[in-house]
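Everything on this sheet refers to the single structure shown next.
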Amino acid sequence: MIAVLPLAGLHGAEARRPNIVFFLSDDHAAQAIGAYGSKAGRTPNIDRLAREGALFENCFCVNSICVPSRACVLTGRYSHANGVRTNADALPEGSVTFPRLLREAGYSTAIIGKWHLRTDPEGFDHWCVLPGQGAYFDPAMVENGARQKCRGYVSEVITEKALAWLKSRDRGRPFCLLVHHKAPHANWEVGPREAGIFEGGTIPEPENLHDDLAGRSGAVRSHRLFVGRPQWELHFEKRFGPIPAHVPEENVRGWVYQRYIKDYLRCAASVDTGVGRVLDFLDGEGLAASTVVIYSSDQGFFLGEHGLYDKRLMYEESIRMPLLVRWPGVAAAGARIGEMVLNVDFAPTFIDIAGALAPTELHGRSMVPLFRRERPRDWRTSFYYRYYEAGYGLGPIEGVRTMTHKLIRYGFADGGTELFDLGEDPSEMRNIVTEPAAEAVARSLSDELTRLREQLGAPGL
Ligand code: CA
């Protein structure tokens, strides 16, 4: 038995409980979303959520990789505690997740789309998920245990199935629907409706696309996640052939970047279109006022910053998750919320929204007070990060991020430590760990890292 205690719930027993629609995309970086400042991303519907709801400016994952972050979202616990440290790990059967708790509390629960946690989904009245990573075109799906072949582009298939479930929903109960998109995860296979976007245009490069990583840890230079030849061979060569001989070597990174960023943004646009269709449905059914809509992604992604793509590392673009919350009458429309929130806060938040009971051993806490622009005095001002995978020339990473600084330790290659002043150097270009003026802050962050790790009971490097 798991001990439970009531959260600071918003709803009295007599209050009508809101419905929940939770969009989670895969690898959709905040900097690719208009509301977060992207000039190129086509995200009018996600931007609508920012206008009609609240945008979180500092939402982070505690382990920047797909399966582990999803497990953190579902359980509200760090990777070492929920059993999913790497993409090879399965969510243990019987895990206590927020869908299970909401279902027990009387919600009708469903997940449509990406699951990726290896064991079959539990805690849902209805589930229809992609096996593994899933395919972009004509994807197979497993619906309540039965495999089926679907026709069409994956973002549209997921949206159609989500709408079909909403139409046939149990009207006697509040619902919690998880719409978890595959896009814009690699290999960025573009849908028919998005193929023409950006044709002939040039997407601006990030200022640090050609970062030479001077002064950064040797571990960061040793891996294989750079925009350029390794990426082209991994993701594009089969479909588009080799990099043309006329591209000079010094221009390869910029040339690959254009192909990469356009296809990435096209895939993300298909998710945005799906969000819009569900929002239109909620409007048409008169459900918008009684439904909390949340949009996020399982982690961030490098879009050429530092010359990188992918995630895993502890730099900002990788660990930052977009988070938009529309809850009419609760989340202030147009609010931008700066408090530091984490992927382990999602489960306690959903439990709080539903007025359900939360397990005592959660690492996260409910964000509901922040929706209402209340700031609990003891809200966190730092968090511990821990990455466990090997592969791509990487290895374990741990670190601590405060509101002003970040300390990163590498447990592979020749190791090393990095310290960044996020106020003066938000792009993390200057590692100040060896600078005498930073000695006190380095010591303070090192102490904070140890304190947080011990508090969580997480294993060190
Ligand atoms: Ca992911």
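As a basis for the values below, the full set of heavy atoms in this structure was taken, side chains included, without hydrogen atoms, waters or symmetry mates. Throughout, numbering of the chain's residues begins at 1 and tracks the sequence. Whatever order the structure lists ligands and atoms in, that order sets their numbers, starting from 1.
Residue Asp26 approaches the Ca ion (ligand 1) most closely through its N/O/S atom OD1. Considering just the N/O/S atoms of Asp298, the one nearest the Ca ion (ligand 1) carries the name OD2.
By the 6.0 Å and 45° rule, Arg386 stacks over the aromatic ring of Tyr388.
Although no hydrogens or angles enter the test, the distance criterion places a donor-acceptor pair under 3.5 Å between the side chain of Thr109 and the main chain of Gly123.
Asp27 contributes OD1 and Gln299 contributes OE1; the angle these two atoms make at the Ca ion (ligand 1) is 90°, rounded to 10°.
Tyr153 has its ring centre less than 6.0 Å from the ring centre of Phe137.
Among the backbone and side-chain atoms of Cys66, an N/O/S atom is found under 3.0 Å from the Ca ion (ligand 1).
Across Glu305, Glu317, Glu316, a single residue satisfies side chain to side chain donor-acceptor pair (under 3.5 Å) together with Gln31, and that is Glu305.
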